[in-house]
2 protein chains.
Amino acid sequence: MLENDKITLAIVDDHPVVIEGLQKLLENKEVIRIAGSFTSGNGFLGFLRSNRVDIVLLDITLPDANGLDLCKEIKQLSPSTCVLALSNHSERSIIMQMLQNGASGYLLKNASGEELMNCINEALSGQVTFSREVKEIIARPGVSELKQLPQLTRREKEILHLISDGKTTAGIAEELSLSPLTVETHRRNLLQKFEVKNVAALIKMAAQQGLL
Amino acid sequence: MLENDKITLAIVDDHPVVIEGLQKLLENKEVIRIAGSFTSGNGFLGFLRSNRVDIVLLDITLPDANGLDLCKEIKQLSPSTCVLALSNHSERSIIMQMLQNGASGYLLKNASGEELMNCINEALSGQVTFSREVKEIIARPGVSELKQLPQLTRREKEILHLISDGKTTAGIAEELSLSPLTVETHRRNLLQKFEVKNVAALIKMAAQQGLL
DNA sequence: TTTCATCTACCGGTTTTCCGGTATATTCGC
DNA sequence: GCGAATATACCGGAAAACCGGTAGATGAAA
């Protein structure tokens with residue numbers, strides 16, 4: 001196979017041992033060319049600016065940045081590059097955040113070589129992919145995610161949205177053709193229902209419950 | 001196979017035609033028993049209160065509630081029940097929200113019968129599962145998700161967090177042993193960097209960027 | 001060493017939010 | 001038809017946020 005037809009793969013991991021292990025695992029694959037290995041986020045970003053990379057195996061823990069932000073930067077710089085997170089972090093929130101930031105998949109480091117190859121292929125075909133353990137983590141949401149949100153009336157939801165858009169009570173009142181005093185009342189009811197004492201905490205809760 | 005050993009499955013969809021189609025597709029499966037079909041969320045919730053359901057195929061569009069909230073309620077009522085979303089909605093945000101609310105998987109309605117069976121099995125084994133098209137949607141995040149967030153200093157991130165916890169300027173100042181006036185300044189810088197005019201909009205943006 | 005970013009701190013004033021109440025009209029389910 | 005929930009509206013006062021400035025201290029990079 002011509003060198004140029006091979007899949008170009010990069011590795012970013014602060015642990016040199018891990019890099020070596022991955023290289024050993026991948027170097028005998030016909031279709032893959034390891035374009036580079038990096039122990040820092042900035043090192044890789046520099047490389048990416050002048051080289052094509054089809055897929056990158058990215059650790060979360062890095063010396064100069066965190067993998068979450070780095071993933072986002074990679075996708076901005078080169079949207080066609082697949083980011084496959086490869087990490088020890090098994091927190092559901094981190095996995096979801098990684099997806100939100102544009103990752104094509106997530107593997108825990110205990111995944112087998114076979115699993116890794118499967119995931120690489122699936123990611124390159126444009127689909128998200130996870131190692132088995134990660135699939136189980138995602139399917140098992142914590143209690144906090146499911147905690148009941150106060151039930152809001154239609155008007156309250158409406159006003160909540162407008163508040164989150166940065167509108168003031170007066171502005172909302174005008175937009176809805178209501179008395180500012182009425183909007184005030186709804187606002188207060190929102191604070192009560194969420195058991196918070198100002199809009200900052202209100203919006204945070206609402207956002208975490210996916211209400212915005 | 002004994003009736004009691006079969007997997008109990010329920011269908012919730014406001015479209016009777018879809019229910020019939022799914023029933024036809026599943027009725028000849030040895031391992032599955034269709035425990036009930038419902039066209040409303042409340043109908044199913046009532047059933048779930050007194051019957052075991054291993055897995056439910058859940059539509060998003062429902063007459064009396066939306067599938068997102070319903071999914072959350074189902075998982076609260078019966079955490080062991082797998083929820084497989086089966087919908088026409090192909091928006092990434094809805095898929096992610098559904099996962100956040102405890103779904104074990106997501107299929108678009110154009111998925112094949114074979115895909116459906118695979119997903120049911122994978123979900124029952126405790127792993128998340130998606131139809132092929134959904135995997136592609138997840139792997140393709142929108143530009144909005146990746147838009148660059150303002151570069152925040154350590155102090156600013158710290159204060160942003162405290163604000164989102166509902167703390168006041170005075171409270172934050174005390175907690176960090178700073179002058180309230182200093183905290184004020186940081187707060188103003190945050191509003192400027194995010195180009196918003198109050199904390200409500202600030203927290204919304206920060207939450208959407210996963211900063212909280 | 002100089003420059004740049006950040007952190008710190010202050011003044012004075014305006015706007016908005018927050019909180020303690022109270023109260024009537026409407027709408028929806030039983 | 002009758003509650004219960006919801007939506008509407010008001011008062012007054014205290015607290016907090018927001019805004020437009022300015023400016024010294026610190027620390028790291030060039």
Side-chain angles (χ1 to χ4, degrees), chain A residues 40-43 45-46 63-65 69 148-206 211, chain B residues 40-43 45-46 63-65 69 148-206 211:
Chain A
S40 77
N42 283 326
L45 282 179
D64 57 344
D69 294 342
Q148 186 63 319
L149 52 96
Q151 82 173 35
L152 304 182
T153 68
R154 185 167 307 146
R155 223 15 164 195
E156 282 164 352
K157 281 183 195 158
E158 200 174 5
I159 286 173
L160 175 59
H161 268 100
L162 294 171
I163 291 174
S164 79
D165 286 338
K167 307 255 171 74
T168 68
T169 297
I172 294 169
E174 193 177 356
E175 193 166 331
L176 300 181
S177 304
L178 287 177
S179 160
L181 299 159
T182 301
V183 177
E184 247 303 296
T185 304
H186 286 305
R187 177 192 286 264
R188 275 158 65 197
N189 290 337
L190 281 168
L191 293 180
Q192 275 195 352
K193 285 191 179 180
F194 279 86
E195 294 176 322
V196 295
K197 40 184 278 303
N198 58 34
V199 283
L202 172 69
I203 301 299
K204 183 192 187 183
M205 296 220 70
L211 286 178
Chain B
S40 77
N42 283 326
L45 283 178
D64 57 343
D69 295 342
Q148 186 62 315
L149 52 96
Q151 174 103 348
L152 301 184
T153 68
R154 187 170 299 127
R155 223 16 165 193
E156 282 164 351
K157 280 183 197 156
E158 199 175 6
I159 286 173
L160 175 57
H161 268 98
L162 294 171
I163 292 174
S164 79
D165 287 338
K167 307 254 172 74
T168 69
T169 296
I172 294 169
E174 193 177 356
E175 193 165 332
L176 300 181
S177 303
L178 289 176
S179 159
L181 298 161
T182 301
V183 177
E184 247 303 297
T185 303
H186 285 306
R187 178 192 285 264
R188 278 198 280 147
N189 290 336
L190 282 168
L191 293 181
Q192 274 194 355
K193 285 191 178 180
F194 280 87
E195 295 177 321
V196 294
K197 41 185 277 302
N198 58 33
V199 282
L202 171 70
I203 300 299
K204 183 194 187 181
M205 296 220 69
L211 286 178

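Below, chain A is the first sequence line, B the second, and so on; all start at residue 1. Owing to the predicted nature of the structure, the values given are computational and were not obtained by experimental measurement.
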If you only use heavy atoms from C-beta on, which nucleotide in [options] is closest to the side chain of [X]?
X	options	answer
R155(B)	dC19(D), dC18(C), dT8(C)	dT8(C)
R187(B)	dA9(D), dC18(C), dA17(D)	dA17(D)
Q151(A)	dT17(C), dA7(D), dT6(D)	dT6(D)

Over all strands shown, is [X] touching base, sugar-phosphate only, or nothing at heavy-atom distances under 4.0 angstrom?
X	value
E156(A)	nothing
T168(B)	sugar-phosphate
S179(B)	sugar-phosphate

[X] (side chain) donor-acceptor with [Y] (main chain) under 3.5 angstrom:
X	Y	answer
K197(B)	G166(A)	yes
H186(B)	K157(B)	no
N198(B)	A200(B)	yes

For this session: Return no unless some side-chain N or O of T185(B) is found under 4.0 Å from OP1 or OP2 of dA9(C).
Result: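 False: T185(B) side-chain N/O out of range (4.0 Å or more) of dA9(C) OP1/OP2.
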Problem set entry | Distance below 4.0 Å between T182(B) side-chain N/O and dA9(C) OP1 or OP2 |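 Yes, because at least one side-chain N or O of T182(B) sits under 4.0 Å from OP1 or OP2 of dA9(C).
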Exercise. Of P180(B) and R154(B), whose closest DNA chain C nucleotide lies nearer the 5' terminus?
Worked result: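 Its nearest nucleotide lies further toward 5', so the answer is R154(B).
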Exercise. Which sits closer to the 5' end of DNA chain C, R188(B) or A200(A), going by the nucleotide each is nearest to?
Worked result: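 Checking each residue's closest nucleotide, the 5'-ward one belongs to R188(B).
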Distance in angstrom units between [X] [atom1] and [N] [atom2], rounded:
X	N	atom1	atom2	value
H186(A)	dC10(D)	NE2	P	13 Å
K197(B)	dG20(D)	NZ	C1'	17 Å
L181(B)	dG24(D)	CG	P	16 Å
I172(A)	dT8(D)	CD1	C1'	16 Å
L178(B)	dC10(C)	CG	C1'	14 Å
L190(A)	dT8(D)	CG	P	13 Å
L191(B)	dA16(D)	CG	P	17 Å
L202(B)	dC18(D)	CG	P	9 Å

Exercise. How long is the gap from OG1 on T153(A) to CG on N189(A), to the nearest 0.5 Å?
Worked result: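 The CG atom of N189(A) is 8.0 Å from OG1 of T153(A), to the nearest 0.5 Å.
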For this session: Calculate, to the nearest 0.5 Å, the distance between atoms CG and CD1 belonging to L190(A) and I203(A) respectively.
Result: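 Reported to 0.5 Å precision, the distance equals 8.5 Å.
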